[in-house]
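Read the structure below first, then the notes.
Below, all heavy atoms of this structure are taken into account, side chains as well, without hydrogens, waters or symmetry copies. So you know, we letter chains A, B, ... as the sequences are listed, proteins then strands, and number each from 1. Note that the structure is a prediction, hence the values are computed from the model and not measured.
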2 protein chains.
Amino acid sequence: MSSTERKAREKEELKTLILKAAHKLFVEKGIGQTTIRNIADSIDYSIGTVYVYFRDKNEILHALHTQYFTDLRGQLKVLFNVKDPMERLKAMGKVYINYGLDNPEMYDLIFILKAPMEFLETIQKDEWDEGKASFDLLKTTVKQCMDAGHFKGHTLEPLSFLIWGCVHGMCSLEIGSRTKNVNIKNPENIVRDAYDEFLNIINKL
Amino acid sequence: MSSTERKAREKEELKTLILKAAHKLFVEKGIGQTTIRNIADSIDYSIGTVYVYFRDKNEILHALHTQYFTDLRGQLKVLFNVKDPMERLKAMGKVYINYGLDNPEMYDLIFILKAPMEFLETIQKDEWDEGKASFDLLKTTVKQCMDAGHFKGHTLEPLSFLIWGCVHGMCSLEIGSRTKNVNIKNPENIVRDAYDEFLNIINKL
DNA sequence: TTGAAAAGTGAACAATGTTCATTCTTTTTG
DNA sequence: CAAAAAGAATGAACATTGTTCACTTTTCAA
């Protein structure tokens, strides 16, 4: 029956509409400043309707978390066009950092805020699909680097995690306002300058 | 007059009492689960009293932020007993990571949560004293390493920030539950295993 | 046309940060 | 030493937010 089909599609569309509205508000005024009422108002629906489509705020946060992460992972996946794994690794870092610095609220939701992970716990899902898939992209690349003779004497997983930690750490210090007000000469560029040091080091390994 | 003196001391004591109570609750049930009412209740004072001593919740968060940070910085300062700067640098990383893994709520407040930095903004103080002082400890050590012939071809500030980002990134991924549920063989030890890789790399530079 | 199922609603509740007029306590003063 | 002034503490009350659910409106197959 096509009406039930249409119904299902309409349900999906409203869900999407809510998420789009939430996203807009996140970017405009920050995640912390976005309320369910805000979201409902901005699409001319009632509060209750939002709760028909999402069990709670964390589910909304988790849904956008997944969207953002899928987006970032897409950008990383494209880099598999770069055949040289070392070049690809360097490009991945650059893409990752750009994503973080250009979309701080989105980055926050992907990698910093506890809410999306708490949602996974409440639904008893102990798999973080996007996280796993993305980390695998990194591991695969590092593995290929090792196969090509780099990173001698290193271990795959810990090294991969170290690299992730490196770029994540710099992004999150920046996003968390920990680079301002510290005695740094070029605070606006410190993350990218430091990433150049990273490249410098990687090149030697 | 000694009565005004005593009054001042008593005021300080109550302030300290409030902070101690807040700290206890933070550790017990998490920062997010700690409310002003909780704090007031736990020391048998009224909500209003807390607001006599602190302008708002962010001021409490900032006060503890500073305490925690001073504590961590103290632990780092002690390491200046280690004269060899490379050895000291490695020890600093270890101490930093231990602090983060052993005191996740406290680490959260120092390096991750926005609240303490927001408080600095509201009082129009654009100096992050503890942050600056701690980063200086790191910079000084890295500088001494460079003077001793290490880190050839690198630049002091970006390299120092990269190192900070490295250890911070790993700690905050762990604290933010981003290491669970990713396909890692030893998730419980990944941070320390990765830090060994870090040492491995540092040793070559 | 009609009645049941689906969709949507918003008043109401609970939790929390915050304010402030009031009460209680301490100190100073005449 | 009593009264007044200053200081400290209070908690009721308000605003905001997430959340629930009994109720209304809409949709659509029979």
Separation of [X] atom [atom1] from [N] atom [atom2], in whole Å?
X: A/K15; N: C/dA6; atom1: NZ; atom2: P; value: 17 Å
X: A/I18; N: C/dG8; atom1: CD1; atom2: C1'; value: 11 Å
X: B/F119; N: C/dG17; atom1: CZ; atom2: C1'; value: 15 Å
X: B/E59; N: C/dT18; atom1: CD; atom2: C1'; value: 14 Å
X: B/K57; N: D/dT16; atom1: NZ; atom2: P; value: 18 Å
X: B/R9; N: D/dA8; atom1: CZ; atom2: P; value: 14 Å

Under the rule for salt bridge (charged side-chain N to carboxylate O under 4.0 Å, His left out), what residues qualify as partners of [X], not counting sequence neighbours?
X: B/E157; value: B/K139
X: B/K24; value: B/E28
X: A/R88; value: none
X: A/E127; value: A/K132

What is the nucleic acid contact for B/L14, judged by heavy atoms within less than 4.0 Å: base, sugar-phosphate only, or nothing?
-> sugar-phosphate
Partners meeting ring-ring contact (aromatic ring centres under 6.0 Å, His included) with [X] (sequence neighbours left out):
X: B/F135; value: B/W164
X: B/F26; value: none
X: A/F198; value: A/Y195

How about B/Y96 and B/H168: are their ring centres within less than 6.0 Å of each other?
->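 Between B/Y96 and B/H168, the centre distance exceeds or equals 6.0 Å.
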What ring-ring contact (aromatic ring centres under 6.0 Å, His included) pairs are there with at least one residue in residues 29-48 of chain B, not counting sequence neighbours?
-> none
Taking only residues two or more places apart in sequence, or in another chain, which ones meet A/E197 in a side chain to side chain donor-acceptor pair (under 3.5 Å)?
->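 So A/E197 forms a side chain to side chain donor-acceptor pair (under 3.5 Å) with B/H154, B/T155.
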In degrees rounded to 10°, what angle is found between the helical axes fit to the five outermost pairs at each end of the helix from C/dT1-D/dA30 to C/dG30-D/dC1?
-> 30°
Check whether any side-chain N or O of B/N38 sits under 3.5 Å from a backbone N or O of B/Q33 as a donor-acceptor pair, and report yes or no.
-> yes
Close approaches to DNA chain C from residues 44-56 of chain A, in residue order (heavy atom, under 4.0 Å) | A/Y45, A/S46, A/G48, A/T49, A/V52, A/Y53
Contact list for DNA chain C against residues 30-43 of chain A - heavy-atom distance below 4.0 Å | A/R37
For C/dA7, does either OP1 or OP2 sit under 4.0 Å from a side-chain N or O belonging to A/K11?
-> yes
